[in-house]
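A quick note: this is a predicted structure, and the numbers were derived from the prediction, not measured.
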Amino acid sequence: MSETVRHQNQPAPEGGGAGVESWKEKGVALRAFFYIFGTHLFAGFVWLLFYVGENAHK
């Protein structure tokens, strides 16, 4: 019986839930893009710090 009881916070999927998987796949792809972009941005910043530190006149 507990399997058929739906929690109040979770709305019922519309249209049988067929579009839910594609929505999740788009979310995962978007999240992966931002993580990859953010990692490259951070790595570029660290590279810039090393470059500036190497060429600084001491």
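Note that OH of Y35 is 9.5 Å distant from OG1 of T39, once rounded to the nearest 0.5 Å. Atom CZ in F45 sits 7.0 Å away from atom CG in L48 (nearest 0.5 Å).
Under the 4.5 Å side-chain criterion, counting only non-hydrogen atoms from C-beta, V20 is in contact with K24.
Criterion: ILVMFWY side-chain heavy atoms under 4.5 Å apart, direct or through other members. Under it, V28 and F37 are not part of a common hydrophobic cluster.
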